Amino acid sequence: MNQLLSKFYLLGFTILLISCQSSSNQFRDQLRWLGGKWKGKDGETTRIENWHWSKHRFEGNAYSILKSDTLFKEQLFLSDYNKAPVYTVRINNGMPISFAAVKIEKRKCVFQNDEHDFPTTISYTALSDSTIAIKLTGKDSTVSKPISYTLRRQR
């Protein structure tokens with residue numbers, strides 16, 4: 001009986017592991033276009049983002065540089081939380097801020113957090129294999145102007 005019970009638990013664990021891996025693979029494949037090093041200009045500011053897959057989520061870093069001064073740096077995470085992608089950012093090692101996915105398409109993703117002052121919405125759109133557009137918007141565009149810029153793949 002113990003042997004049968006052990007086999008049952010092993011089978012259940014194996015099925016759970018395979019289903020989690022399949023979900024993780026689907027999530028990774030859906031957002032694979034975001035991976036790599038990206039760089040672009042927003043006026044005089046240089047913007048850089050680096051994204052890579054790490055075990056079960058995308059991890060990234062973002063920098064805004066004016067001349068030789070780093071204005072800020074961010075740690076970025078894209079995780080699959082209960083089959084709902086979540087975008088999390090930590091600015092200058094501060095508290096993490098999460099944005100829930102409101103739209104995930106083949107080459108576009110939009111994340112939103114209405115509780116955050118600015119941005120409330122972050123969107124990434126692949127314009128081509130080598131160019132992405134990023135747009136940051138707030139609830140009230142009269143208070144905070146939307147920020148839009150494009151980045152080109154570096155490698």
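We use all heavy atoms of the structure for the numbers below, so side chains are in, but hydrogens, waters and symmetry mates are not. What you are looking at is a predicted structure, and each value in this text was computed from that prediction instead of being measured.
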Got a second to check how far [X]'s [atom1] is from [Y]'s [atom2], nearest 0.5 Å?
X    : Y    : atom1 : atom2 : answer
L136 : T121 : CG    : OG1   : 9.5 Å
I65  : T45  : CD1   : OG1   : 9.5 Å
L151 : I48  : CG    : CD1   : 9.5 Å
N50  : K37  : CG    : NZ    : 5.5 Å
E74  : N61  : CD    : CG    : 9.5 Å

Nearest atoms (heavy-atom pairs only) where [X] meets [Y]:
X    : Y    : result
F111 : I104 : CZ-CD1, 4.1 Å
T120 : K139 : OG1-N, 3.3 Å
Y81  : V86  : CB-CG2, 3.9 Å
P85  : D80  : N-OD1, 4.2 Å
W33  : C109 : CZ2-SG, 4.0 Å
A126 : I132 : CA-CG2, 4.0 Å

Using the ring of each side chain (for Trp, its six-membered ring), is [X] parallel, tilted or perpendicular to [Y], with breaks at 30° and 60°?
X   : Y    : result
F99 : H116 : perpendicular
F58 : W53  : perpendicular
W51 : Y124 : perpendicular

Look only at the side chain of Q154 and the backbone of R152, and say whether a donor-acceptor pair between them is shorter than 3.5 Å.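 Between the backbone of R152 and the side chain of Q154 there is a qualifying donor-acceptor contact (under 3.5 Å).
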
If only atom types and distance count, is the side chain of K39 paired as donor or acceptor with the main-chain N or O of R47 below 3.5 Å?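 Checked: no pair found.
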
Over 12 non-hydrogen atoms of neighbours within 6.0 angstrom of NZ in K41: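 Yes.
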
Within a reach of under 6.0 Å around CD of E105, are more than 12 heavy atoms found that belong to other residues, nucleotides or ligands?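 Yes.
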
N93 and R90, any side-chain heavy atoms less than 4.5 Å apart: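 Result yes, sub-4.5 Å side-chain heavy-atom pair found.
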
Sole candidate of L127, I134, T125, D42 that passes side chain to side chain contact (heavy atoms under 4.5 Å, CB included) when paired with T150: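 Of the listed options, the one satisfying the test is L127.
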
Check step by step if side-chain contact (heavy atoms from CB on, under 4.5 Å) holds for L76 and E59. CA-CA 6 Å; L76 307 171; E59 295 181 0; over 6 Å; no

Going by atom types alone, do T88 and S98 pair a side-chain donor with an acceptor below 3.5 Å?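 A pair is found: one side chain offers a donor N or O, the other an acceptor, under 3.5 Å apart.
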
For I122 and V110: C-alpha separation, side-chain torsions, deciding distance, then whether side-chain contact (heavy atoms from CB on, under 4.5 Å) applies. CA-CA 6 Å; I122 301 170; V110 180; over 6 Å; no

